[in-house]
Asker: 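Sharing a structure below in C-alpha cells format, with a few things to ask.
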Amino acid sequence: MEWARVLEALLFAATEPMEPSRLAAILREGPEGGQGWPEVKEQEVRDELAQLSERLAPRGLILREVAGGFRIGTAPDLSGWVAKLKGVARPPRLSPPALETMAVIAYRQPISRAEVEAVRGVDCSGTLDTLVERGVIRITGRSEAPGRPILYGTTPLFLEHFGLKDLEELPNSEELRRVKLPAPADPGGPKQEELIHEASEPAPQS
Amino acid sequence: MEWARVLEALLFAATEPMEPSRLAAILREGPEGGQGWPEVKEQEVRDELAQLSERLAPRGLILREVAGGFRIGTAPDLSGWVAKLKGVARPPRLSPPALETMAVIAYRQPISRAEVEAVRGVDCSGTLDTLVERGVIRITGRSEAPGRPILYGTTPLFLEHFGLKDLEELPNSEELRRVKLPAPADPGGPKQEELIHEASEPAPQS
Amino acid sequence: MIPMLETPGSEALRVELAAFTGPLDLLLHLIKEQEMDIYDIRLEKLTEQYLARLDKMREENLAIAGEFLVMAATLLYLKSRTLLPVQDRPPEEVEEEDPKWELIRQLIEYRKFKEAAGQLGEREALHSRIFGRVPERVTTSPALMGPGQVSMFDLVWAFQKVLRSVEERAKAGRFSDEQFTVGQKIEFLLDRLQPGEEILFEDLFRSMSSRGEVVVTFLAMLELIRLRQLIAKQEGPLKPILIQRAVDPVLDAPSALGEGAGQASVDSPV
C-alpha cells in the first residue's frame with residue numbers, strides 16, 4: 001500500500017489508540033493542504049494493520065488493539081530495558097482492594113458505591129477515590145433509587161490500562177454480568193441495614 | 001545484532017534524544033534484574049543506528065540526530081498528516097520580539113540581559129522570561145563583568161526544536177557570530193574579542 | 001497478592017491481616033484452609049476460627065475495620081440460631097429458608113468477583129510491561145513548550161532584523177561620542193532620578209541634542225539596570241516604558257532573577 005508509511009507515521013505520532021475507521025478517514029481526507037487517497041476502506045486499513053503488526057514483531061515493538069483502537073508499544077519482554085530510561089515510568093499497579101472494586105464496577109457498571117460495598121462487604125470510599133484519581137473509573141450519572149446515589153463506570157483508560165479491546169473482552173463477562181448481586185436495599189441481615197442507611201444519604205462526590 | 005530490537009524499543013520509548021554512548025552503556029548494563037551484552041561498543045551502536053536509519057526510511061519514520069543524541073520521529077514530508085491528529089497541537093508561536101531575543105542569544109551565547117538589550121535597543125526582561133519558560137534558553141552562569149550579571153544560553157530543547165545537531169549547525173553561524181555588536185558597558189572591551197574567537201570554526205550552511 | 005497462610009504465627013498473621021481485603025475475603029480463606037465445602041459450611045467451626053483471627057488482630061494491636069466486627073456479629077447470630085430447636089425459632093423465620101444461605105450466596109458471588117479481580121491483576125501485570133511512546137508534550141513540564149512553530153528561517157530573519165536596526169542606529173550617529181562617556185551619563189541619570197522616583201523612558205532623552213548622546217545615555221541606563229540601580233517597567237505591550245530608580249539598590253541580586261540563578265554556572269552551553 002502506498003499509504004502504509006503514512007499509517008505507520010500516524011500510529012507512531014498518535015497519543016491515544018487509533019480506531020481503524022478514523023485512520024481510514026484521515027487517509028481519505030489527506031494531509032493539511034494536500035491530497036489523500038479517497039478510495040481507502042476501513043477493511044484495507046485493518047489488513048495493513050495486521051501486516052504492520054507482523055513487521056513490528058522482530059523489532060522490539062508490538063501493535064496492540066486496546067480501547068477500540070490500535071497503538072504501538074514496546075514488546076513486553078523488553079520492559080526491563082525500557083524501564084531504565086529516564087522519564088519512563090510504569091503506571092503503578094492497583095492494590096488488591098482496588099482491583100476488587102475495579103472488577104465489580106467493570107462487570108456491573110453503572111453501579112453505586114452502596115452496591116459495590118454490598119458485594120465486597122467493606123467500605124469502598126477510599127478505593128473508589130483512588131480509582132477515580134487514576135482515571136480508570138468515572139461518575140457516569142445518578143441512580144433513580146432513593147437518595148439518587150452516584151453511579152460509577154469504567155473509562156477508556158481502564159481498557160488501556162488492562163489491555164482490553166472492549167468490555168466484551170473481560171474474562172467470564174457473560175456470567176459475571178448475570179450474577180445476582182446482594183442488593184444493598186434488601187433489609188436482610190444487620191450489615192445490610194447499615195448499608196441502606198448509608199445509601200440513603202447523598203453520596204459524596206470526590 | 002541480537003540487541004537491535006532492544007535498541008529500537010529504547011529509541012521508541014525514550015523521552016529525549018539518546019546519545020550513542022548512553023545507549024551502549026544501557027545495552028552493556030542490561031535490563032532491570034537481567035543480563036546485558038557487556039561487550040557492546042559505542043561504535044557498534046552507531047553502526048546499528050545507521051542501519052536503523054536506513055530501515056526506517058521507507059516506513060514514514062526517520063532517525064534524527066539532534067541535541068547530541070538520536071531520536072525517532074515522523075518523516076518531515078508527512079507533517080501535514082501528523083498535524084491532523086488530535087493532541088499533537090503545537091504551542092503558540094513565539095512573538096517577533098521573543099524571536100529576536102532568541103536569535104541574539106543563539107548566536108552570541110553566553111550573553112547577559114544587558115548585552116541582549118544593547119543589541120536590540122529595548123528592555124528584554126519579558127521576552128527572556130518567556131524564553132526561559134518555554135525551555136529554549138536557560139541561565140548558564142555569571143559573567144566576570146561588574147555586577148556579575150547572569151548569562152543566558154540555549155538549551156537542548158532549542159537544538160531539538162530546530163533539528164540542530166549542535167550550535168555549529170546554525171545557518172551563517174560564523175559570519176553572524178563575528179559581527180561586532182554594541183556592548184552595553186564598555187564598547188570595544190574584551191567581550192567582543194571573545195566572541196570572535198568563539199566563531200573560529202567554519203559552520204555548515206543549511 | 002493474597003498470601004496463603006499455612007501457620008498462623010504472629011509474623012505471618014501480620015502479613016495476612018494486611019492482605020485480606022475484607023471479612024468476606026477472610027471467610028473464604030478460612031473455608032479453604034478448613035477444607036470446607038462452601039455450600040456446606042460448618043458455622044460453628046467457621047465462627048470459632050474467625051473470632052480467633054480477630055483476637056489475634058487485637059493482640060497485635062492492629063486496627064480492626066468495623067466490617068470485620070459486623071461480620072463477627074452476623075456469624076454469632078447465625079451460629080446461635082443453629083443451636084435453637086426449630087420450634088423455638090421466631091415464627092416468621094420458620095417458614096423462611098435458613099438465613100445462612102444468604103451469607104453463602106454472598107460468599108459465592110464475592111468469590112467470583114475476587115477471581116475476576118485476580119484475572120484483571122494478571123492482565124494489568126502484562127500490560128504494565130508495554131510502554132507506549134510518551135508524547136513530548138507530557139514529558140517536558142507543561143511550561144517547557146519550546147518556541148512553537150518557529151522555523152530556522154524566522155530565527156535568522158529575526159537576527160538580521162536586529163543587525164539592520166543596529167546598523168541604522170550606527171549610521172544615524174556614532175556609537176561613542178567624544179563628548180560623552182558612559183560614566184558621565186551614569187552620573188547624570190543617578191542625579192536626575194532620586195531613589196523611588198520614576199520617569200517616562202522618552203522623557204529621559206528629550207533634552208538631548210545628538211544621537212551619540214542618546215546612545216551613550218541609553219548604554220548608561222542599561223548598565224544601571226544591569227546593576228539594579230534602575231528598573232525598566234512596562235505594564236503591557238505598546239504601553240509606555242517607565243524608568244524607576246531602585247529604592248534600595250542591591251548590587252548583586254540573584255534573588256531578583258528567580259530560582260534558576262542559584263544553580264548557575266554549572267552547565268556550559270552546548
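As the structure is a prediction and not an experimental result, all values here were calculated from the model.
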Asker: Taking every heavy-atom pair that is under 4.5 Å apart, which of B:Glu29, B:Glu16, B:Arg59 has the most such pairs with chain A?
Answerer: B:Arg59
Asker: So which part of B:Leu61 gets closer than 4.5 Å to some heavy atom of chain A, the side chain, the backbone, both or neither?
Answerer: side chain
Asker: For the interface with chain B, which of A:Val6, A:Leu7, A:Leu52 has the highest count of heavy-atom pairs at distances below 4.5 Å?
Answerer: A:Val6
Asker: How about B:Thr154 and B:Gln109: does a side-chain donor come under 3.5 Å of a side-chain acceptor?
Answerer: yes
Asker: May I ask you to check whether A:Glu133 and A:Thr130 show a side-chain donor-acceptor distance below 3.5 Å?
Answerer: no
Asker: Please look at B:Ala57 and chain A and tell me whether the side chain, the backbone, both or neither of the residue comes under 4.5 angstrom of a heavy atom of that chain.
Answerer: backbone
Asker: Between A:Asp47 and A:Gln51, is any side-chain donor less than 3.5 angstrom from a side-chain acceptor?
Answerer: no
Asker: Parallel under 30°, tilted from 30 to 60°, perpendicular over 60°: which one fits the rings of A:Trp81 and B:Trp37?
Answerer: parallel
Asker: Does B:Gln43, at its CD atom, have more than 12 non-hydrogen atoms belonging to other residues, nucleotides or ligands within less than 6.0 Å?
Answerer: yes
Asker: Where on B:Leu78 is there a heavy atom nearer than 4.5 Å to chain A: the side chain, the backbone, both, or neither?
Answerer: side chain
Asker: Can you tell which part of B:Arg55 gets under 4.5 Å to a heavy atom of chain A, answering side chain, backbone, both or neither?
Answerer: neither
